[in-house]
Structures are given as C-alpha cells and as structure tokens.
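To find a chain, count down the sequence lines: A is the first, B the second, and so on, and within it residues start at 1.
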2 protein chains.
Amino acid sequence: MGTMENLDHFFKSAFTVDNVIFGFDEGDLKVLLIKRGEEPYEGQWGLPGYFVNENEDLDYAANRVLKQLTGLQNVFLEQVATFGDVNRHPTGRVITVAYFSLIKINQYTIQPSSIANRAAWISIDNVEELAFDHAEILRACFNRLKLLVRTRPVGFELLPRKFTLTELQHLYEAILETDLDKRNFRKKILSMNLLIDLDETQEGVAHRPARLYKFDKEKYDELLAEGFSFELKESRRKMVEHMG
Amino acid sequence: MGTMENLDHFFKSAFTVDNVIFGFDEGDLKVLLIKRGEEPYEGQWGLPGYFVNENEDLDYAANRVLKQLTGLQNVFLEQVATFGDVNRHPTGRVITVAYFSLIKINQYTIQPSSIANRAAWISIDNVEELAFDHAEILRACFNRLKLLVRTRPVGFELLPRKFTLTELQHLYEAILETDLDKRNFRKKILSMNLLIDLDETQEGVAHRPARLYKFDKEKYDELLAEGFSFELKESRRKMVEHMG
DNA sequence: GGGGCTAGTGTGAAATTTACACTAATAAGT
DNA sequence: ACTTATTAGTGTAAATTTCACACTAGCCCC
C-alpha cells in the first residue's frame with residue numbers, strides 16, 4: 001500500500017476474472033468452456049472470463065462476466081486464486097482472479113454471447129489445450145473442488161434435485177478420482193442425515209430402480225449454524241470386490 | 001480475457017501485495033506489522049505490503065516487497081486470496097494479493113525501511129485497528145493457517161530448530177484456538193515419526209527440563225513424495241484434568 | 001529436604017474406518 | 001413364464017483411531 005502522491009505505481013494494466021464452472025452429467029465431471037471469438041487465442045477453447053471494470057468489485061465482476069458470456073446468473077461463485085505472471089497474457093499486463101462454481105447442468109441453458117462463439121460442457125478428462133494459462137487455472141480450481149468436497153456437502157450442487165445414491169457416489173468418485181466402496185459410502189452419507197428419502201424410485205431403467213433422495217438444505221443450515229463439520233474420509237479402495 | 005484492440009479495458013490501476021507473516025514467541029502467535037510512514041493511513045499499523053511493478057510476477061513482488069519493508073528474505077510465501085473492492089483503497093483502484101508466511105521469529109532481525117516507520121511482532125489477540133481492509137486480510141490468512149496446520153506439519157516453521165513437545169503443543173493450541181490433551185497430543189505427534197529426539201534437555205529452567213526435538217525434514221520429504229497425508233484430528237478438550 | 005513447577009507416561013472404552021459378497025427388483029429377450 | 005442381464009440394496013466383524021483421564025519424575029529454589 002503506498003502513497004497516492006506517487007502515481008508511478010498506477011500503470012496501464014487490466015484485471016480479468018476467469019470462471020471455472022463445474023457440472024456433472026452422464027457420470028462425468030465437466031467444465032464449461034467457451035470457444036473464443038476474439039483475439040488473442042481466437043478459435044481456441046478457454047475459460048469464460050473477461051475484464052473487470054474500473055468501478056466494479058471483483059466478486060461482482062465475476063458474476064457479470066459469467067452472465068454475459070454464458071447467460072448463467074445467480075450462481076454461487078467462490079474465489080480461488082490469482083494468476084499474475086508478467087507474460088501470461090500475450091499483449092499486456094493482465095492479472096486474473098479465478099473463481100469457481102458448481103451448477104446443475106440441466107437446470108441452466110447456456111447462451112454464449114458474441115465474445116464466446118460457442119460454449120460447451122467438456123469432460124474434465126477430455127480437456128485439451130486451453131488459451132492463456134487457463135489449464136493451470138483449471139487445475140487449481142479442480143484441486144479446490146477436491147478439497148471442498150471432503151469438508152462440505154457440495155456434491156448436491158452438481159446433481160439434479162432428485163438423485164440416487166449411486167449417482168451421488170459416482171459424483172464423489174469423479175471428483176476425488178478414486179473408487180469408493182458402495183456399502184461404506186452409503187452408510188457414511190446416510191449417517192449424516194442430510195438426505196431426505198423421497199419414497200420414489202427411478203423410472204424407465206432396465207434394471208432394479210433406485211430410490212430417489214434429495215438434499216436436506218434446512219437440516220444442513222441448522223447443522224452449519226451449530227458449527228458442525230462434515231467429513232468424508234474413506235480412502236481409495238484397495239481391491240475390487242468379487243461379484244457373485 | 002479480451003482483445004487488445006479494445007484498450008479501454010486497460011485503465012490506470014495498481015496492484016499491491018500484502019504479506020501476513022506469522023511468528024511464534026513467548027507462547028503467543030504473532031503477526032508482523034508495520035507502522036505506516038506514508039499516506040494514506042500514515043502512522044497506523046498495517047500489513048507490510050506495497051506496489052507490484054509493471055514487469056514483475058506477483059510471487060516475485062511479494063518477496064521483494066517483504067524484503068524492502070522488513071529486511072526479510074528467502075522466506076516461503078504462499079498466496080492466499082485477492083481483495084479488490086472498489087473502495088478498499090481511499091485514493092484509487094488498488095487490488096491487492098495477500099500472501100502469508102511462517103517464520104522463526106528469532107532467526108531474523110527485522111529492519112524496517114523508510115516506508116515503514118517501525119515494524120513489530122504483535123500478538124494476534126492484541127491486533128487493533130489496521131489500515132485499509134488489512135484486518136480482513138489478516139483474518140483470511142489466519143483461517144488459512146488454521147486449515148494448513150491440520151493437514152501439513154507447518155508448525156515447525158514457526159519454532160526454533162530445537163523445541164520441546166510442550167512448546168509444539170502450545171503452538172498448535174494458539175493456532176487452532178483450542179486446548180489439546182497433553183498425552184494424546186504427544187502420542188499423535190510422535191507416532192508420525194517426524195521428530196528427531198535430540199537427547200538433549202532444556203537448560204536454565206526452574207523445573208524439570210524437557211527433552212528437545214527437531215523436525216525430520218528428510219523423512220517428511222520422503223513421506224510427501226510417496227503421497228502421505230498428515231492429519232491432526234483431536235477436537236477441543238471438553239474437560240480440564242484434575243491436577244494431583 | 002520440602003515446595004513449586006513442568007515433564008512425561010498408559011490404559012480402557014467408544015467411535016470410526018475398513019474389507020468384504022450375496023439377495024432383490026426390474027426390463028428385455030426368448 | 002422363465003431366463004438373463006443389470007443395477008440396487010444390505011450387515012458384520014476386525015482393525016484402527018480417538019478420546020477421556022491422573023499420577024510419578026526431575027529439576028530449581030529456598
């Protein structure tokens with residue numbers, strides 16, 4: 001923090017925000033990418049991000065940019081980290097603040113703006129080369145997600161309102177990049193009492209239909225208030241179970 | 001990220017870095033503050049921070065600024081968060097990136113520069129009003145420290161090379177703001193095999209002298225390499241033990 | 001050598017984690 | 001109608017970890 005008498009420190013520079021939006025679909029953890037419609041890196045895939053305005057708070061900018069690029073709004077965004085290497089942007093000094101969010105893919109329609117030619121949900125494993133240092137930013141956000149998922153029941157943000165325990169398990173497996181034991185996972189999750197059994201079952205599946213659950217937000221808020229800490233432990237499975 | 005044709009986005013603005021340096025002394029967790037020698041907030045206490053230069057990476061800037069303000073160098077700095085509210089700085093748009101670090105207080109001499117009138121280690125509980133939004137930044141870094149201390153043996157960064165188990169416990173208690181059970185703490189710490197018993201004892205204390213230990217960095221690096229995860233669990237003590 | 005002070009030590013109960021394999025329910029095909 | 005394919009759903013015992021808890025040991029000082 002320095003004096004304003006010395007305006008040398010104020011040089012022409014820019015801030016951007018870049019958003020890493022995670023979703024979950026078809027058993028895959030996905031990230032929302034846009035095909036850039038502007039130089040630099042025109043035509044390449046990158047994160048939905050853009051410039052912060054002069055008189056705009058960072059958090060506000062993250063929301064605005066996300067909305068402008070993809071049509072998404074009222075989405076919870078959390079700051080993850082800031083990337084400011086001198087050469088990260090080919091044409092000037094641009095420091096970017098990365099935000100991440102979790103959304104239910106099917107509850108939103110993505111409407112790419114002109115800046116973004118196109119937007120798409122790409123499986124996290126299939127992400128190829130990205131513009132700028134966006135691959136690094138994505139990695140940082142994915143790590144944050146891994147951390148978060150162990151200490152808060154964020155998984156529910158990514159699933160539709162009604163879901164099966166197997167879907168929930170697959171989500172956790174995708175995020176943590178491990179296999180989990182079915183029985184232990186169910187025991188653990190159910191013991192938290194954060195799920196409401198809807199007494200409904202799946203329809204139109206060619207096998208025994210699974211029960212549907214929803215997340216008990218009220219209970220969760222209650223528990224949060226009294227300083228409860230959610231924790232998912234079980235480590236990677238060591239062996240594959242023999243099937244009958 | 002946008003086009004450079006549109007230079008509107010590059011406005012006169014500034015980045016700063018602010019460093020939250022933690023130390024531990026006399027049983028207290030402390031933070032290094034400077035008495036500001038410049039407007040704004042001249043004469044007030046604040047974090048050691050200053051402007052990032054135009055062609056300087058963020059991480060580099062954090063190190064440089066710390067050195068210039070306090071004389072400290074070769075200190076591990078980790079980025080924590082970025083603060084960018086429009087009005088956080090009274091005279092212009094200044095976005096700051098907060099870094100934090102842990103050092104052994106007695107191993108460094110602080111040499112405040114002219115920008116910093118004075119520098120001092122202030123107990124975390126005695127920190128009064130700070131310049132800018134530095135109180136908020138400090139809080140964020142303290143939370144990060146709490147998080148970190150549970151998953152990595154960072155405590156050793158704050159203690160002198162040789163320390164007693166009681167000192168280590170007091171440090172953990174100061175960071176986690178709880179009391180820990182002596183026997184359980186010792187059991188847990190020793191079971192990690194990250195301490196080397198130096199076969200020496202304290203000198204010049206008016207009571208039974210404690211054994212001295214040092215941190216086994218080699219062992220730790222080994223364990224890290226094989227993907228080991230350190231975890232300190234024990235929750236806050238519920239009762240005070242009756243003393244004989 | 002007694003008082004004051006902190007170091008250091010062990011055990012059992014409770015809770016949690018882990019490994020592990022079969023039956024149940026449905027749809028589709030014969 | 002039955003056989004097959006496919007996923008849902010369930011229980012237990014062993015191992016490990018956590019947790020609560022109280023006394024003896026060793027040094028200094030007087």
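- Of all nucleotides listed (D:dT10, D:dT18, C:dT9), C:dT9 comes nearest to the side chain of B:Arg186.
- Not one side-chain nitrogen or oxygen of B:Thr166 sits closer than 4.0 Å to the OP1 or OP2 atom of C:dT6.
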Which pairs, protein N/O on one side and nucleotides 11-15 of chain D N/O on the other, fall under 3.5 Å?
from   : atom 1 : to       : atom 2 : distance (Å)
D:dT12 : O4     : A:Lys187 : NZ     : 2.8

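- Exactly one residue among A:Phe185, A:Phe156, A:Phe163 makes a ring pair (Phe, Tyr, Trp, His ring centres under 6.0 Å) with A:Tyr172. That residue is A:Phe185.
- No hydrogens or angles considered: nothing links the side chains of B:Lys146 and B:Asn143 as a donor-acceptor pair under 3.5 Å.
- Listed pair B:Lys188 / D:dT18 meets the phosphate criterion, a side-chain N or O lying under 4.0 Å from OP1 or OP2.
- Here the C1' atom of nucleotide C:dT6 and the CG atom of B:Leu212 are 14 Å apart, to the nearest Å.
- Here the CD-CG distance, from B:Glu173 to B:Leu180, works out to 4.5 Å after rounding to the nearest 0.5 Å.
- Annotation: side chain to side chain donor-acceptor pair (under 3.5 Å) contacts of B:Asp59 (sequence neighbours excluded): B:Tyr99.
- Remark: C1' of C:dA15 and CD of A:Glu231 are 15 Å apart, rounded to the nearest angstrom.
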Going by atom type alone, with no hydrogens or angles, which donor-acceptor pairs under 3.5 Å involve a side-chain atom of residues 20-30 of chain A and a protein atom two or more places apart or on another chain?
from    : atom 1 : to       : atom 2 : distance (Å)
A:Glu26 : OE1    : A:Lys30  : NZ     : 3.3
A:Asp28 : OD2    : A:Ser123 : OG     : 2.7

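- With rounding to whole Å, B:Lys182 atom NZ is found 14 Å from D:dT24 atom P.
- Across the protein-nucleic acid pair, B:Phe163 atom CZ and C:dA7 atom P stand 14 Å apart, rounded to whole Å.
- Atom CD in B:Gln202 sits roughly 11 Å away from atom P in C:dT6 (whole-Å rounding).
- Here the CZ atom belonging to A:Arg161 is positioned 12.5 Å from the CG atom belonging to A:Leu159, to the nearest 0.5 angstrom.
- The nearest whole Å value for the distance from the CG atom in A:Leu165 to the C1' atom in D:dT10 is 12 Å.
- When the C1' atom of D:dC27 is taken as reference, atom CD of B:Glu203 falls 12 Å away, rounded to whole Å.
- Atoms OG1 and CG, from A:Thr166 and A:Leu171 in turn, are 12.5 Å apart once rounded to the nearest 0.5 Å.
- Computed from coordinates, the B:Ile189 CD1 to D:dT17 C1' distance equals 15 Å when rounded to whole Å.
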- [ ] Give the B/S/- string for nucleotides 25-30 of chain C, one per nucleotide from 5' to 3', where a protein heavy atom under 4.0 Å of the base yields B, of only the sugar-phosphate yields S, and otherwise -.
- [x] BBS---

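- Under the salt bridge (Lys or Arg N to Asp or Glu O under 4.0 Å) criterion, the residue pairs touching residues 195-210 of chain A are A:Lys162-A:Glu200, A:Asp197-A:Arg211, A:Asp199-A:Arg211, with sequence neighbours excluded.
- Residues that satisfy the side chain to side chain donor-acceptor pair (under 3.5 Å) test with B:Glu78, not counting sequence neighbours, are B:Arg144.
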